[in-house]
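Below is one structure, written out as structure tokens; the observations come after it.
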There are 2 protein chains.
Amino acid sequence: MNIRENIRPGGRSARVQASVHKAVRDLLSSMDRAEVTIPLIATQAGVTPSTIYRRWGDLQELLADVAVERLRPDAMPKDTGSALSDLELWAEQYADEMASGPGRAMIRDVLASDGAEVRKAGKCCAYTREQVQAIADRAGERGETFPDVEEVIDHLVAPIMYRILFDETPPTAAQVRALAARLLDGRG
Amino acid sequence: MNIRENIRPGGRSARVQASVHKAVRDLLSSMDRAEVTIPLIATQAGVTPSTIYRRWGDLQELLADVAVERLRPDAMPKDTGSALSDLELWAEQYADEMASGPGRAMIRDVLASDGAEVRKAGKCCAYTREQVQAIADRAGERGETFPDVEEVIDHLVAPIMYRILFDETPPTAAQVRALAARLLDGRG
DNA sequence: ACCTAAAAGCAAATTATTTGCTTTAGTGGG
DNA sequence: CCCACTAAAGCAAATAATTTGCTTTTAGGT
């Protein structure tokens, strides 16, 4: 639907958005997602259902909206001294978060809403690129060689995501480290 | 919900399933997916809405059910004489189908329904593995070296899927061929 | 302090979903 | 071949979600 991108902070819109988002997070953490409905969220947020319908259109859009926000990384990848260990650590954490129950649910919410105007999935992808770029930049500063960000997306991020989404088997920490090592090995 | 796996062919259940699936396919091809509702499908299929609700639970499950069936490959990968060209051709076709509007929609349907018992996404993944395995087997018969199927999933299928799902940019034919070539090069 | 536009509230109308009960169609036993 | 049994479908009433027209509120600009 028509989620306005530029909401004046502190205004009424911003307050409604905040309380609705909070209501969604609270409800998702306390009950099965199949039970979460817009009228419920509205009540919890102290808002009228029609407000939510008009702003977000449907439950999927709203869930996706909340999910994208929660998928935004809160910090830059940790500096552990070398590109390899930076990448390994970051990838392990990324894989863990995404493979967790809530992580998978958020990804699915984001993908399900897609076809929308705002390309929420693209936003998530951009977050990931930023993180990888930060690791690459640090490697550059240290004088280390580091593959192109797109290489990292294709051969580290993509396999992790694919296995989480499609496969029964999320990658183990060892597998993730192996993927990372291989990228920096020159073999990839 | 409770999609029974073993339906006696020719029975009433099978007929209902067939007509509902057909109704979904027809409606999806002739209108916007946001307009497709269960009562509509029921009417089109000549069936009562409650039948659909009881069998599939909700629209997402039904759409996913139809999508998995349409994502099942109808033939084994073509034999073009060498592992590399087999893999290139298959991957290009795979990428094309999945990146198309209907392809993307089907993938999203499958993923959205997930969390269900039947692991529809896993089924799709299994189809893909079978196809790759067939190429691998042929390569073996020819005496060619061929990477492990999991390698192909990680470094060819996964990047294709990731870019289709998350990125603005589905991979070009050239990129797909490059990924395939790299796998058989020994570099991957 | 007013005026305006955008967004929220309210409530009625519509539409989708759930559910209890009835009917029908296939299956297996005689 | 017919009868009983079971699983699934139909029907319709009850409930819940969604849409919509209209009114009210509120933040921002004059």
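Below, chains carry the letters A, B, ... as their sequence lines are ordered, and counting in each starts from 1.
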Review item, side-chain donor-acceptor pairs of residues 142-149 of chain A, under 3.5 Å, at least two apart:
from: R142(A); atom 1: NE; to: G81(A); atom 2: O; distance (Å): 3.1
from: R142(A); atom 1: NH1; to: E144(A); atom 2: OE1; distance (Å): 2.8
from: R142(A); atom 1: NH2; to: D79(A); atom 2: OD1; distance (Å): 2.7
from: R142(A); atom 1: NH2; to: D86(A); atom 2: OD2; distance (Å): 3.2
from: E144(A); atom 1: OE1; to: A83(A); atom 2: N; distance (Å): 3.1
from: E144(A); atom 1: OE2; to: A83(A); atom 2: N; distance (Å): 3.1
from: D148(A); atom 1: OD2; to: E150(A); atom 2: N; distance (Å): 3.1

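Checked by atom type, the side-chain pair S82(A)/S85(A) shows a donor-acceptor distance below 3.5 Å.
Taking CZ of R15(A) as the start and CD of Q17(A) as the end, the distance is 13.0 Å to the nearest 0.5 Å. With values rounded to the nearest 0.5 angstrom, H21(B) atom NE2 is found 5.5 Å from E69(B) atom CD. If you take CD on E97(B) and CD1 on I107(B), they are separated by 10.0 Å, rounding to the nearest 0.5 Å.
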Footprint string (nucleotides 18-28 of chain C, 5' to 3'): B base within contact, S backbone only, - free, heavy atoms under 4.0 Å: BBBB--BSSSS
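Taking atom CH2 on W56(A) and atom P on dA7(C), their separation rounds to 12 Å, with Å as the unit. The distance between atom CD1 of I41(B) and atom C1' of dA16(C), rounded to the nearest whole Å, is 12 Å. The CG atom of L59(B) sits 17 Å away from the P atom of dA17(D) (whole-angstrom rounding). At whole-Å resolution of the value, CD1 in I52(B) and P in dA16(C) are 12 Å apart. R55(B) has its CZ atom 10 Å from the P atom of dG10(D), to the nearest Å. Going from atom CD of E35(A) over to atom C1' of dA16(D) covers 14 Å, rounded to whole Å. Separating the CD atom of E61(A) from the P atom of dA17(D) is a distance of 20 Å, rounded to the nearest angstrom. Atom-to-atom, CD1 of I38(A) to P of dT18(D) comes out at 5 Å; the value is rounded to the nearest Å.
Look at E61(B) and R55(B) and you find no salt bridge, because none of the NZ, NE, NH1 or NH2 atoms lies under 4.0 Å from a carboxylate O.
Put simply, T48(B) has no side-chain N or O that comes within less than 4.0 Å of OP1 or OP2 on dA9(D).
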